[in-house]
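Have a look at the structure below, then the notes.
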Amino acid sequence: MTGSADVAERAGGRLRHLWSFREDVAVAAGARDSVVVSWASGAVAVEPAGPTVREVLRRMELGPVLLGNAVVVGAAGEMDPHVYAYLLMRPVFARFPQLLRRTVGFDDLRGALVSIGPLAEGAAMCVPPLRAGAVLQLVVGVSVAFDGPSATVEMRSASHRVVLHRYEALLVVARLAWPATPEAVAATLPIPAHVTAGVLDYLVAAGVVAPVAPVTPVTPASPPPSRSGSRPRGCGR
């Protein structure tokens, strides 16, 4: 997987990118300086595992964590600690992408906006920033199921489960019943533009929203534009 940077590599901003494991994952100390990550159908020994790697994995077992909060004091130097931690953990995460859950939140302390988790072994996901001006729409076959205060975006062929935790995320999904650019979506919703952009990044990465071609007249030499879309290219390792 090459060519794209993950949103976790961008320093600053008020969005919070969190990481956790799915429920069946356990983290335990291994021989010497290794850490063993195990799940129902396998295990991986991470070695050598420095103090920051060990702390990140330990916290991820407990729930969503900001990677930068687990960085050992002084380890990041002049670099943003969240960017440093992501770059440090990226090759580790590449060994078990099917175990990872991604969550985006806002720093207003009201909880997560969207979380995305794998539905199948081998399901990997990265969240590259969207291209400005891209026309986006919900993929054909997507539906929304409500369960108490949250909602789940469902699709028969989905490789990831998408949970909308707050009404801001639901507003973004509803707006994409019709084609629109990220800029147009942000302009029509009563929420901050960077929150809209963060939700869109995650929805596209999960494959439930996709770029669509501009509507053009259909001719024998020009097949109708597809709405099936595809998930963006993965992040470089």
Side-chain angles (χ1 to χ4, degrees), residues 6-8 14-27 39-41 59-67 93 96-127 130 136-180 182 185-186 188-210 227-232:
D6 194 281
V7 292
R14 297 185 63 190
L15 290 177
R16 297 292 178 258
H17 305 285
L18 300 101
W19 304 71
S20 59
F21 285 122
R22 67 191 199 194
E23 285 86 351
D24 66 329
V25 173
V27 177
W39 62 101
S41 58
R59 294 191 187 192
M60 285 176 58
E61 183 186 15
L62 302 177
V65 60
L66 284 168
L67 300 183
F93 290 159
F96 39 73
Q98 75 278 13
L99 307 181
L100 305 176
R101 284 185 172 166
R102 299 286 302 267
T103 301
V104 62
F106 191 43
D107 69 355
D108 61 0
L109 304 180
R110 291 174 50 204
L113 288 161
V114 177
S115 62
I116 301 173
L119 288 173
E121 292 290 327
M125 187 191 75
C126 71
V127 186
L130 288 176
L136 305 174
Q137 190 172 12
L138 288 172
V139 172
V140 172
V142 165
S143 61
V144 178
F146 292 90
D147 181 16
S150 63
T152 303
V153 181
E154 299 178 339
M155 185 173 63
R156 184 182 299 274
S157 60
S159 59
H160 290 80
R161 182 173 184 261
V162 180
V163 179
L164 312 175
H165 297 282
R166 288 170 49 171
Y167 82 96
E168 294 95 334
L170 184 59
L171 288 176
V172 174
V173 170
R175 177 62 180 83
L176 289 173
W178 298 271
V185 174
T188 57
L189 296 180
I191 55 179
H194 62 282
V195 173
T196 301
V199 172
L200 287 173
D201 286 338
Y202 277 70
L203 294 177
V204 172
V208 297
V209 168
R227 280 188 50 199
S228 60
S230 60
R231 290 173 50 211

Side chain proximity check, Pro182 to Thr196, heavy atoms < 4.5 angstrom: no
Distance-only side-chain donor-acceptor flag, His160 / Tyr202, under 3.5 Å: no
Residue pair Val185 / Ala180: nearest heavy atoms and the distance that separates them: CG2-CB, 3.7 Å
Test log, rule side-chain contact (heavy atoms from CB on, under 4.5 Å), inputs Ile191 and Val199: CA-CA 11 Å; Ile191 55 179; Val199 172; over 6 Å; no
All side chain to side chain donor-acceptor pair (under 3.5 Å) counterparts of Thr103, not counting sequence neighbours: none
All pairs passing salt bridge (Lys or Arg N to Asp or Glu O under 4.0 Å) where residues 193-204 contributes a residue, at least two apart: Arg10-Asp201
Reference residue Phe106; test side chain to side chain contact (heavy atoms under 4.5 Å, CB included); the match among Glu168, Arg16, His194: His194
Inter-residue atom distance Leu176.CG - Leu203.CG, 0.5 Å rounding: 7.5 Å
Nearest heavy-atom neighbours spanning Gln137 and Ala177: NE2-O, 3.0 Å
Partner residues of Asp24 under the salt bridge (Lys or Arg N to Asp or Glu O under 4.0 Å) criterion, sequence neighbours left out: Arg22
Pair Leu100-Met60, side-chain contact (heavy atoms from CB on, under 4.5 Å): steps then yes or no: CA-CA 9 Å; Leu100 305 176; Met60 285 176 58; 3.7 Å; yes
Taking every non-hydrogen atom, the tightest pair across Ala205 and Cys126: CB-O, 3.0 Å
side-chain contact (heavy atoms from CB on, under 4.5 Å) against Arg161, all qualifying residues, sequence neighbours excluded: Leu119, Thr152, Val163
side-chain contact (heavy atoms from CB on, under 4.5 Å) between Arg101 and Ser115, worked out: CA-CA 7 Å; Arg101 284 185 172 166; Ser115 62; over 6 Å; no
Considering all heavy atoms, the nearest Gly111-Arg166 contact: O-NH1, 3.2 Å
Closest non-hydrogen atom pair between Glu61 and Ala26, with its separation: OE2-CA, 3.4 Å
Residue pair Gly105 / Leu18: nearest heavy atoms and the distance that separates them: N-CD1, 4.2 Å
Phe96 side chain near Val25 side chain, heavy-atom distance below 4.5 Å: no
Any residue meeting side-chain contact (heavy atoms from CB on, under 4.5 Å) with Leu170, in chain and number order, not counting sequence neighbours: Val144, Phe146, Leu164
Atom pair OH/CG of Tyr167 and Leu113 - distance to nearest 0.5 Å: 10.0 Å
Inter-residue atom distance Met155.CE - Leu138.CG, 0.5 Å rounding: 10.0 Å
Side chain to side chain donor-acceptor pair (under 3.5 Å) involving Thr188 - partner list, sequence neighbours excluded: Arg175
Gln98 and Trp39: CA distance, side-chain angles, deciding distance, side-chain contact (heavy atoms from CB on, under 4.5 Å) verdict: CA-CA 11 Å; Gln98 75 278 13; Trp39 62 101; 3.6 Å; yes
Heavy-atom side-chain contact between Val139 and Val208 under 4.5 Å: no
Aromatic Trp19 / basic Arg102 pairing, under 6.0 angstrom, 45° off normal: yes
